[in-house]
Amino acid sequence: MSGVPQRTLLLWCPDWPVLAAEIVDGVPATDPVVVLHANRVVACSERARAEGIRRGLRRREAQGRCPHLTVVDHDPGRDARAFEPVVAAVEEVVAGVEVIRPGACATAARGPSRYLGGEEAAAERIVEHVAQSCAVESQVGIADGVFAAGLAAREGRIVAPGGTREFLATRPVEALGRPALADLLRRLGVRTLGDFAALPAGDVLARFGFEGALAHRLAGGRDDRPLAVRQPPADLIVTADYDEPVDRVDAAAFAARTLAELLHERLAGYGLACTRLGIEAVTAHGQELHRVWRHDGLLTAAAIADRVRWQLDGWLTGSNGRGGTRPARPTAGIVRLRLVPDGVLAQAGLQPGLWGETGAERERAHRALSRVQGILGPEAVVTAVLGGGRSPADQVRLVPWGDERVPARPGPPPLPPASPTAAPPVPAGSVRGVASSRPVPAAPASGVTPSRPAAGAAPGAASAPVVVPPGGRAGRRAGRGRAMAEPPWPGRIPPPAPAVVLPAPLAADVRDAAGEPVVVSARLAVSAAPARLTVGDGRPAEITGWAGPWPVDERWWAPAEARRRARFQVCLADGAALLLAVEGGQWLVEAIYD
């Protein structure tokens with residue numbers, strides 16, 4: 001705790017919750033207005049006080065004293081949002097401001113008083129600037145410490161240096177803002193802060209605990225902590241204006257290098273480096289262009305210049321609007337260029353890889369792909385990100401190169417294929433096997449129950465696992481009397497994952513050896529072993545092996561969004577392996593195995 005209290009200047013806006021309601025919600029503060037929290041008044045307007053309303057009154061009593069009272073609910077978020085412009089206005093005059101609460105902020109008084117010609121002149125300047133900038137009335141108090149300055153601000157008073165203890169001595173104990181402690185002190189005969197400060201500190205700590213000791217320090221004019229001022233963020237943005245519009249690539253390259261070196265020098269001055277760069281341009285016709293570039297490593301001056309040059313090249317050599325895949329070319333040259341370091345970190349905060357994760361080859365590939373993006377747009381280069389999901393299409397998300405690689409759905413990516421020791425390959429032609437070179441797990445995973453063998457399956461063939469959807473009716477029945485750990489995405493197709501996932505599933509027809517359509521009942525019973533597959537208008541192909549079904553019953557609680565289907569893995573006579581799905585009696589080809 002600070003032994004010598006700091007000379008503090010505190011700005012206080014009276015009845016701030018009422019003013020915030022007027023600023024945000026348009027409630028006239030000149031009318032009788034009260035702000036309620038827990039059915040009690042926490043703030044009221046001057047007109048309401050004239051009607052006899054005070055803080056702490058219940059709602060019914062306040063409305064009884066003033067029938068035409070306007071009641072507003074207490075909203076701390078609204079108070080904080082409305083107070084931010086006031087703090088910004090104070091920071092335009094002084095530096096290093098701490099927000100005590102919505103409606104009050106404090107700063108060290110030494111700097112403003114020396115710069116503006118004294119404490120009184122500084123107080124008048126701040127109050128006047130806040131009134132002109134925000135149209136908000138305020139009062140300033142100056143004393144030794146934040147607590148005393150807050151009490152002085154309510155009177156608009158400047159306490160002389162060294163006179164804070166005498167200023168506090170005559171104040172009632174309720175000024176501490178601790179109702180329970182104040183009530184106890186009054187019952188003990190301690191009615192003023194001076195009486196409370198005269199008590200021995202050790203006895204106060206033993207009788208009232210830590211909170212009482214803290215209040216004892218405040219009553220004696222000693223703050224519990226120094227000011228925790230907020231530092232205005234450093235202005236790292238660099239901007240260049242051009243008298244002649246830049247419409248040639250060579251001129252743009254020169255402008256990019258000059259501005260990139262300036263940005264790099266400014267970042268280095270603060271010990272920072274850029275990992276995400278925003279490039280903004282304004283044309284002579286007022287058209288605004290914006291693009292964000294991301295980099296895994298630290299952007300050097302040369303790397304920044306390259307990306308700005310690529311981006312300007314892409315903008316200036318874009319499509320003329322009569323065809324092509326490039327974005328439209330601006331109608332005029334660039335007159336303003338701005339570089340915004342959107343992502344910064346300490347220059348020593350990124351450790352390069354030891355085995356070439358961020359080596360020269362990776363950097364060259366990144367530069368080439370980034371240049372393609374600058375010319376054709378961010379969606380021209382995408383990479384796949386694996387995540388959670390039941391179908392192969394749900395587990396993959398295409399992310400533009402350089403963007404954050406976040407899965408579309410939470411959960412672990414698809415499991416790797418089982419090792420040969422866990423499950424030996426099953427020969428083609430069996431119910432479980434899809435291809436002779438693909439291992440299939442021998443035992444069902446957690447949360448999977450074995451089903452009956454499919455109708456028409458080969459004798460002795462292993463039964464296909466049935467995955468119980470989470471929260472489904474089958475899951476509730478199976479969970480009675482025993483705990484069952486379910487995987488994150490029950491119903492997910494087991495490994496290996498298919499090599500090609502079709503953008504739109506293809507219609508197919510599956511028939512048995514007798515030529516009858518193969519159907520799957522509501523109990524997941526297959527009418528017969530699949531024997532022939534016809535995709536679209538193609539020729540029928542013989543099915544030599546199949547596995548399934550893997551059922552999925554999604555969102556069964558919402559009839560409009562419910563979806564029920566079953567998936568199969570099949571191997572054809574020509575060596576192809578497909579992932580099929582049957583939904584509503586219709587067979588579909590979803591993916592192809594390599």
Please determine whether the number of non-hydrogen atoms from other residues, nucleotides or ligands lying under 6.0 Å from atom [atom1] of [X] exceeds 12.
X	atom1	result
E92	CD	yes
R186	CZ	yes
R65	CZ	yes
R125	CZ	no
E137	CD	no
Y242	OH	yes

Side chain to side chain, [X] and [Y], heavy atoms closer than 4.5 Å:
X	Y	answer
L9	I126	yes
H216	R222	yes
V33	E22	no
Q63	V71	yes
V308	L259	no
Q287	L289	yes
C105	V86	no
V41	R54	no

Contact summary for [X] and [Y], nearest pair of heavy atoms:
X	Y	answer
I237	R338	CG2-CG, 3.3 Å
D144	G162	OD2-N, 3.1 Å
W315	A281	CZ3-CB, 3.7 Å
A108	Q6	CB-NE2, 3.3 Å
C44	V18	C-CG2, 3.8 Å
T164	A148	CG2-CB, 3.2 Å

Supply the atom-to-atom distance [X] [atom1] to [Y] [atom2], rounded to the nearest 0.5 angstrom.
X	Y	atom1	atom2	answer
L185	T192	CG	OG1	10.0 Å
L116	R114	CG	CZ	12.5 Å
L181	E211	CG	CD	9.0 Å
I158	E120	CD1	CD	5.5 Å
E98	L10	CD	CG	9.5 Å
L193	L151	CG	CG	7.5 Å

Does [Y] offer a backbone N or O that forms a donor-acceptor pair with the side chain of [X] under 3.5 Å?
X	Y	result
Q139	A153	yes
R165	G220	yes
R336	T239	no
T283	A332	no
W293	I279	no
D342	R276	no
S133	V130	no
S45	D31	yes
D15	A43	no
R178	L176	yes

Item to check | side-chain contact (heavy atoms from CB on, under 4.5 Å) assessment of V72 paired with L36 | outcome: CA-CA 6 Å; V72 180; L36 296 181; over 6 Å; no
Checklist outcome for this item: When V340, L337, L263 are each screened for side chain to side chain contact (heavy atoms under 4.5 Å, CB included) with V238, the one that passes is L263
Checklist entry - Does the pair C13 and L11 meet the rule for a side-chain contact (heavy atoms from CB on, under 4.5 Å), with working shown? => result CA-CA 7 Å; C13 300; L11 179 134; 3.9 Å; yes
Item to check | Test side-chain contact (heavy atoms from CB on, under 4.5 Å) applied to D203 and L199, step by step | outcome: CA-CA 7 Å; D203 295 343; L199 298 177; over 6 Å; no
Checklist entry - Has R266 got its NZ or CZ under 6.0 Å from the middle of the six-membered ring of Y270, at an angle within 45 degrees of the ring axis? => result no
Next on the checklist: Between F196 and V204, does the side-chain contact (heavy atoms from CB on, under 4.5 Å) criterion hold? Intermediate values first, please.
Outcome noted: CA-CA 9 Å; F196 187 39; V204 172; 4.1 Å; yes
Item to check | ring pair (Phe, Tyr, Trp, His ring centres under 6.0 Å) contacts touching residues 36-58 (sequence neighbours left out) | outcome: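 Matches after skipping sequence neighbours: H37-H74.
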Item to check | Salt bridge flag under 4.0 Å for residues E174 and R55 | outcome: no
